[in-house]
Amino acid sequence: MYNIYLKNIAETIEKRLELGPILESNYLSSVIKNRRLALKLTLADTTQNICSEAFLSKLERNMMSPMNDRVEWLCERLDLDYHTLINLDSNDRIEQLLNYFIDARYDEIIELNDQTIEGIFIAQDEIIKAYKYFIKKDFKSLHLSIIDLDNVKDCLSDIELFSLLLIVFESHFYTMQYKKAYEY
């Protein structure tokens, strides 16, 4: 079994409480942050001759609109297609996901997963995949998915962050039950 956890979650929640609610999902912020981290670029490396580090930091924390020339240039630097990304259907399916999970309608979660976009990291899609991995008891994939989501948790809207916390808690409960059953 994999130990699935989130780093610095208490700090993240404390910061979120200070900021106030983040109701809108800005999926582009998580795409940019995930890509920057995957390329192992610092804020300074990424922003050189484009914008300030503070600008990118605010963008990555879902605190500003991605509709900006500088965001397009940042995407270019990160080898992301800005025009494709801004035209993606950012249909918010997290509320559906939570309703299906709470009602144990797992087949419908699998159907939601079939609607995810492959080849581009979009946090909302990754959350849906994490729930699918949990349902299918694919804890290795769930662990990898949670690692990716942990890196962008400050980009998430409140409901996305709640969904992430819920799947981490559920996996812990399942793991504890498994360990307890294994003791017998």
Side-chain angles (χ1 to χ4, degrees), residues 6-7 12 15-16 19 21-98 100 108-134 136 138 140-164 167:
L6 298 172
K7 299 175 288 195
T12 301
K15 283 181 184 177
R16 186 61 63 95
L19 287 173
I22 298 177
L23 305 175
E24 297 283 324
S25 177
N26 174 358
Y27 66 91
L28 191 57
S29 63
S30 63
V31 172
I32 289 171
K33 184 169 185 175
N34 179 268
R35 181 68 174 173
R36 181 179 66 79
L37 293 173
L39 294 173
K40 297 182 171 121
L41 295 173
T42 65
L43 287 171
D45 294 336
T46 308
T47 60
Q48 187 176 22
N49 299 324
I50 295 176
C51 62
S52 69
E53 291 176 36
F55 177 88
L56 179 56
S57 179
K58 284 181 181 178
L59 177 69
E60 287 185 350
R61 287 181 287 138
N62 197 8
M63 297 175 69
M64 65 183 345
S65 170
M67 303 305 182
N68 187 303
D69 287 344
R70 292 176 284 178
V71 176
E72 185 173 353
W73 298 329
L74 288 167
C75 285
E76 189 175 307
R77 171 142 313 146
L78 296 169
D79 198 27
L80 294 168
D81 185 351
Y82 174 77
H83 297 288
T84 299
L85 290 172
I86 61 168
N87 290 320
L88 289 176
D89 180 16
S90 62
N91 184 7
D92 191 5
R93 294 163 292 171
I94 296 298
E95 285 185 37
Q96 282 181 298
L97 172 73
L98 289 174
Y100 295 158
E108 293 178 61
I109 292 174
I110 303 302
E111 287 178 26
L112 272 182
N113 180 70
D114 294 340
Q115 299 170 21
T116 59
I117 299 168
E118 293 298 321
I120 299 173
F121 176 89
I122 297 177
Q124 185 178 117
D125 287 353
E126 200 63 32
I127 292 168
I128 292 169
K129 290 175 188 175
Y131 276 78
K132 178 194 80 169
Y133 298 142
F134 178 75
K136 294 193 173 261
D138 181 354
K140 181 178 180 180
S141 296
L142 175 60
H143 177 73
L144 295 173
S145 184
I146 296 299
I147 289 170
D148 286 341
L149 286 163
D150 190 24
N151 289 329
V152 300
K153 66 183 173 286
D154 53 344
C155 303
L156 304 177
S157 68
D158 292 343
I159 194 164
E160 290 169 334
L161 183 60
F162 174 77
S163 302
L164 176 58
I167 197 64

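I32 places a side-chain heavy atom less than 4.5 Å from the side chain of C75. Between F121 and L149, the closest side-chain pair of non-hydrogen atoms falls below 4.5 Å. For the pair L19/M63, a side-chain contact is recorded, criterion being any heavy-atom separation below 4.5 Å from C-beta on.
Here the shortest heavy-atom pairing between L156 and A123 reads CD2-CB, 3.4 Å. In terms of heavy atoms, E60 sits closest to L43 at OE1-CD2, 3.9 Å. The two atoms that bring P21 and D158 nearest to each other are CA-OD2, 3.2 Å, heavy atoms only. Residues A130 and L142 come closest through the heavy atom pair O-CD1, 3.4 Å. Between K7 and N151, the shortest heavy-atom distance links the atoms NZ-OD1, 3.5 Å. Residues S157 and N62 come closest through the heavy atom pair N-ND2, 4.1 Å.
Checking side-chain atoms of D125 against main-chain N and O of T116 turns up no donor-acceptor pair under 3.5 Å.
Here the CD1-CD distance, from I117 to Q124, works out to 9.5 Å after rounding to the nearest 0.5 Å. Between atom CD1 of residue I127 and atom CG of residue L97 there is a gap of 8.0 Å, rounded to the nearest 0.5 Å. Atom CG of L37 is separated from atom OG of S30 by 11.0 Å, given to the nearest 0.5 angstrom. With rounding to the nearest 0.5 Å, the separation of CD in E111 from CZ in R93 is 13.0 Å. To the nearest 0.5 Å, atoms CD (E53) and CD (Q48) are separated by 10.0 Å. For the atom pair OG1 of T46 and CG of L74, the computed distance is 7.5 Å after rounding to the nearest 0.5 Å.
Partner of I128 under the side chain to side chain contact (heavy atoms under 4.5 Å, CB included) criterion, out of I122, D114, N113: N113 alone. With D154 as reference, K33 is the one residue of R16, K33, R61 to meet the side-chain hydrogen bond (donor to acceptor under 3.5 Å, both in side chains) rule.
With sequence neighbours excluded, the residues forming a ring-ring contact (aromatic ring centres under 6.0 Å, His included) with Y131 are F101, listed by chain and number.
Using a cutoff of 4.0 Å between basic side-chain nitrogens and carboxylate oxygens, D138 and K132 are not scored as salt-bridged.
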Return all side-chain donor-acceptor pairs below 3.5 angstrom for residues 78-85, not counting sequence neighbours, or 'none' if the list is empty.
unit_1	atom_1	unit_2	atom_2	d
D81	OD1	H83	N	3.3
D81	OD1	T84	N	3.4
D81	OD2	T84	OG1	2.6
Y82	OH	P66	O	3.1
H83	NE2	E72	OE2	3.0

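E126 and S145 share a side-chain donor-acceptor pair at under 3.5 Å.
Counted within 6.0 Å of CD on E76, heavy atoms from surrounding residues, nucleotides or ligands total 12 or fewer; the atom is thus considered open.
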